[in-house]
There are 2 protein chains.
Amino acid sequence: MEMAKQGGKRVGAGRPKGTNQYGETTKPVRVPISKVDRVLRFLREREDELPLYGHSVPAGFPSPADDYAEGALDLNTYLVREPTATFFVRARGDSMLGAGIHDGDLLVVDRSLEASDGKVVIVSINGELTVKRLRQAKGETWLIPENPDYPSITFQEQDDTHLWGVVTNVIHSL
Amino acid sequence: MEMAKQGGKRVGAGRPKGTNQYGETTKPVRVPISKVDRVLRFLREREDELPLYGHSVPAGFPSPADDYAEGALDLNTYLVREPTATFFVRARGDSMLGAGIHDGDLLVVDRSLEASDGKVVIVSINGELTVKRLRQAKGETWLIPENPDYPSITFQEQDDTHLWGVVTNVIHSL
DNA sequence: TCCATTGATTATTGTTACATTATTCAAGAA
DNA sequence: TTCTTGAATAATGTAACAATAATCAATGGA
């Protein structure tokens, strides 16, 4: 059977612009093979803009998939200001309960911040990592636990004592 | 002045493999224009593998730039199991101090988890978001604050009460 | 002999090109 | 009218390319 031609102008025909999955134009970026899947997940799940809600709720029952009335939050950007100077430490014990640090919490530590008076810091004492609050007074530097059951120590009284960085955030799992 | 030719074989010459910034081959991936910079930062700063240290310290004074003795951690993967069902809420007040939730803390909430007995949940009561611990007993459902100064309420006694999700993590800033 | 210069050689890199797929439009057919 | 089919155009994944980077070895001068 012969097919008849179906010619003629098709003004305005064709796939409309912006009908891709992102709603905007894309461009190729070189990604190391091992990170391709991670980057695709990053883009697919929009991990850099998860919804943030405040205290009041919009009318009805808003969905996280909606546009976020209270804004979007990027966890990495929020928690890590200086990626090359940031690391994590697992907290142990309850010597810093007063600062909201529980046993097993994950601490975000920034080495680029200045460890000034009052900051919560990570120090290694004889090969052991501990969390303490730094106090500088009368020319002396003290490491003070936030729990009266534990003793304070001076920074200099230990031989192998190194200041690792300043704790910026505490991540507590429920 | 005429340059003399400098011919001959160059066996083994050329830029060695693996001398790129990632140490492995790359391939182009299409990225929406607005996310290009974010993806490049993600790759440059290796945000998906920041170092995690335990309690003991390797010999000397290890640098976060070294290979990570205790492993690497991806904040997004660690905190967000179900990206499409996850959102954040800013906590207010001290009604959940006992659960380690302080005023101003950022709560990670997962809507896909089942709100069973004992879980800390986010509920909206008459348009206000609150954090409470869920208790199911004797056929009744209670919302219990983790602070004796606050009253418990039953889940059904409010008209406009919606369960939003289960709190999985608390992010506390110092 | 020793080493700086210089072209040869090969990988990296950012971008363009392209073939395939997806999506919508409208002329004909039924 | 409604359905079918080809036309039109954007999206998509990847190949290709030109420019750059990094290393090797022959040459030639000190």
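This is a predicted model, so every value here is computed, not measured. Reminder, nothing fancy here: chain letters follow the sequence lines and each chain counts from 1.
Looking only at atom types and distance, the side chain of B:T77 has a donor-acceptor partner in the side chain of A:R41 under 3.5 Å away. A:E24 and B:S34 share a side-chain donor-acceptor pair at under 3.5 Å. Looking only at atom types and distance, the side chain of B:N169 has a donor-acceptor partner in the side chain of A:S173 under 3.5 Å away.
A donor-acceptor distance shorter than 3.5 angstrom exists from the side chain of A:N20 to the backbone of A:G23, with no hydrogens or angles considered.
Between the CZ atom of A:R30 and the P atom of C:dA11 there is a distance of 14 Å, rounded to whole Å. A straight line from NZ of A:K17 to C1' of D:dT12 spans 17 Å, rounded to a whole angstrom. In this structure, A:L43 atom CG and D:dT12 atom P are separated by 12 Å, rounded to whole Å. The nearest whole Å value for the distance from the CG atom in A:L40 to the C1' atom in D:dG13 is 11 Å.
In the set D:dT14, D:dA22, C:dT23, C:dT23 carries the atom at the smallest distance from any side-chain atom of A:R15. You'll find that the side chain of B:P16 is closest to D:dA22, out of D:dA16, D:dA22, D:dT12.
Phosphate proximity of C:dA22 to A:Q21: absent, as no side-chain N or O sits under 4.0 Å from OP1 or OP2. Phosphate proximity of D:dA21 to B:N20: absent, as no side-chain N or O sits under 4.0 Å from OP1 or OP2.
Between B:T25 and A:K27, the residue whose closest nucleotide on DNA chain C is further toward the 5' end is B:T25. Nearest-nucleotide assignment on DNA chain D puts the 5′-proximal partner with A:G18, out of A:G18 and B:T19.
Across all strands, B:P28 comes closer than 4.0 Å to base atoms (heavy-atom distances).
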